[in-house]
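The analysis underlying the following values was restricted to heavy atoms, covering all of them including side chains, and did not include hydrogens, waters or symmetry mates. In what follows, chains are A, B, ... by sequence order, proteins preceding strands, each numbered from 1.
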Amino acid sequence: MVTAVEPPSERRQAPADCIQLVIFRLAGERYAVEVRWVREIILPPDEVTILPQSPKYLKGLFNLRNEVLPLVDLGACLGLTENPRNDDARVILVEINEKTLGFLVGAVEAVSRVQRTRIGRPGIGLTSKREYITGLVQMDEDLVILLAPEKLPLEELFIADEGQPTAKPTQGIETL
Amino acid sequence: MSRPVADELSPHGLNIALPASSEQNLAGEDWQDAVRYLPMFIDEARQTHDEIIDALLALEAGGGSQEVRKLAIALHRLKGSAASIGLHRLAELTHEAEDRLQALGNNPQPYDTAFSEVLFAFADGLQQQVEALRSGRFGEDTFAAVKEALRQASASPTKHRSEPNPAESSALLQPAEKPSPADRKGLIEGQVTFQPGLSHAALKACLLHERLSALGQVEYFQPPPEQLEETAEVRTVSFGLRTEKQVERVRQALQIVGVEQVALKPATDALAPLQYAKPAETIRVELERLERLLNLAGQLTLCKMRFLQLGERFGKVAAEAGQSWKTLLTELHEATASLGRLTDAVRRCAMEMRMTPIGPLLARFNRVVRDIRRRSGKDVRLITSGEKTELDKRLIDELAEPLIHLVRNAADHGIESPQERSACGKPPYGTITLEVCRRGHNVIIHLADDGRGIDMEKLRSKALQRGLLPPAEIQRMSEEQLTQLVWLPGLSTRDEASEVSGRGMGMDLVRARIERLGGTIELHSRTGQGTSVILKLPVTLVVLPCLHVEIGGARYALPLDTVEEAVSFGPESVKTLGRRLLVAVRGRLVPLLKLADFYNPLQAPRTKYDQHSFLAVILGHAERRLALKVDRLLGVRETLVKSLAANYRNVPGVAGASIDGNGRILLILDPAALFDQALEMSLL
């Protein structure tokens, strides 16, 4: 079973024994996130605005219907080699903590419904450091890695600035 | 306070709501405050009602802890705002509902039908209350059903207060007998007194109502005619009549047998201070729509510019042509000029729609402090300043709740009792100051009290108890560091909750709210000397006039209030001083900054400079000046500032983002940070 996480909304619920996944490609591997996190999937923006002193995985800000959203290179965030940009690249808009951000991925392959029983727990070695990997799904010939977006190492994206304590108190206080 | 304090204190200290009887003794000015903020409250309460219903429905549909949390937030907010305008009964009820919810939250069982029924009943009662308030029926008790349901649903009697007082169901806010419409044009108000002991007075009152109705539109009539039949004795009748008839004509109509006195007041009289308008109808406009209006106004301006240019070009052509062309040209000029005036007016109007002074919000806190004074027996004084500071309406709305929370914290937890204060050698009354000012494009709100400060030991033990940090670390922390723990979720130095200050749900929410507005919040506390909170809000929701520039292929906006001039420099004008680059501007040497330095602060500036002439914008703030190298000037524009923290976080050096006419995002640079950067570089 997948660890229970509170989704941002219950609007797209699959039957209890199934979950719906958005399956996408990153640096040759297949990954997935649960549909309930996903607001929409769009083409990469033509332009991004680069921010000063931003983390490497942050491509910049882009404008989606008058909203200013951060664009995250998911590959860079996971420490993968950079995606060569091609026509298949997509941006998956994900809602985490009431904030919307775009994940730049190599390609979006499908949205499929998967029985929960088919999701394997990743090995201990794999999860200890990477708690954002919540499962492995056997699909067709290869494995799909299931990601929990809220656990991705994106703290830098959300922490407060100016030396205020953050969600991780130790860190915040040290910078005081 | 004239009332004895002791009987307002419960055995639990502060945890008691105002007894209903004191609500009836409200002094006029308090009531006036309440009325002024009623429209705000109504707006908010309606929204809260919808939120509660949504969350309840979601819960019923199998939702989980998230819905419970949403409910908790909605109730908490409602409690706060109800208490702040004196609707104590509602506040108390909400508090009770919150208590139950809290119990539910700790309970693994996610859904409880009985409780949900109670909350639905509560939401209904709330809606009725809001409608009653809206139509000027103050003091209506719409919560009888809820109280009953709460009592039934509760297994144990309520902890904090005694059984509801029957007197409670009487008027909530008494002096509201005479709501009068805001627009008094053609409105005649009056009072008719019947002879004492007149039989059939109620009938006569009905007759008066009929007669008045024949003369015009009866805006209000007290007691209401539909209730007259049940009313045993009527001594006076007051009414408002909207009519074109003369006052004397109305007086005539009212002279019937049994009437002792008729007092009439035409509308042209100055507004009597103690008469209250039915709350003004307000409408919440989606910010997006206002932005669209602003965008349209901006486009209209561009269109106007095109007309002007066309006019000029046309003029050149026409100069060589004949007289008939010149007449046409004059007409075109006139049309363009009036288009320009209209455009400017529309744009200003759209912008002003969003700006309101913060005064009314500040005044609301007098009420908050007064209630605490009454309830706790503390002598607390509130000093406010900066009432005229104009802020975006939405910003004010969003600030209300966190600010109320902070003021309450200061009064409730910060200020000591008079005895305690005297023992410390402080004046017996505590002082809370609330200052608002605009500094550059920031609004600074400074809230300070001279109370006991934060209890560091308690904070320390709480942090230990909750296992927030390793014990060794907590012991090592300085006071300043400890203070910062108050921002952590669920950490409050109070063990019990009170009607006003809540249960530690506050500070983390306060901070989250401020940050969502693109602001920052700082808290400093000195044991025994008091606590001070500084909110700094970029005027994010506001349109800033900015100079748009292009640097390295990207576009940026510089807030115009710091832009002094744009100067073109030759390569020879750059001087080197240590590792600093300087240019001479009007005989003064000014540091020269390239944006690249800002993006990569670790890269030391080069000692050699480009060989070409270049353009720089001179920024000035107080006595400081700096030159920012730019590639191109794009012009001055009204720039709508969007917060980066809405979906990302605040970035040092960037005041916000804006979207230009082509849909591109441009960053609005924060000149203060540029100055800091320049200073830092000079220290390298």
D142(A) atom CG: more than 12 heavy-atom contacts under 6.0 Å: yes

Crowding at CZ, R526(B) (>12 non-hydrogen neighbours, <6.0 Å): no

Applying side-chain hydrogen bond (donor to acceptor under 3.5 Å, both in side chains), name anything that partners R555(B), two or more places apart in sequence or on another chain.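 Residues passing side-chain hydrogen bond (donor to acceptor under 3.5 Å, both in side chains) with R555(B): none at all.
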
For A554(B), which atoms come within 4.5 Å of any heavy atom of chain A: side chain, backbone, both, or neither? neither

Quick check: does any side chain N or O of T49(A) sit under 3.5 Å from a backbone N or O of L666(B), one acting as donor and the other as acceptor? no

Side chain to side chain contact (heavy atoms under 4.5 Å, CB included) between L667(B) and I50(A), intermediate numbers included: CA-CA 9 Å; L667(B) 298 180; I50(A) 299 161; over 6 Å; no

Residues at least two apart in sequence or cross-chain that pass side-chain contact (heavy atoms from CB on, under 4.5 Å) with V108(A), listed by chain then number, are V22(A), F24(A), I41(A), R90(A), I92(A), V105(A)

Do Y648(B) and V68(A) pass the side chain to side chain contact (heavy atoms under 4.5 Å, CB included) test, and can you show the C-alpha distance, the side-chain angles, and the key distance before you say yes or no? CA-CA 9 Å; Y648(B) 182 53; V68(A) 177; over 6 Å; no

To the nearest 0.5 Å, tell me how far L644(B) CG sits from L69(A) CG.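 Going from the CG atom of L644(B) to the CG atom of L69(A) covers 11.5 Å.
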
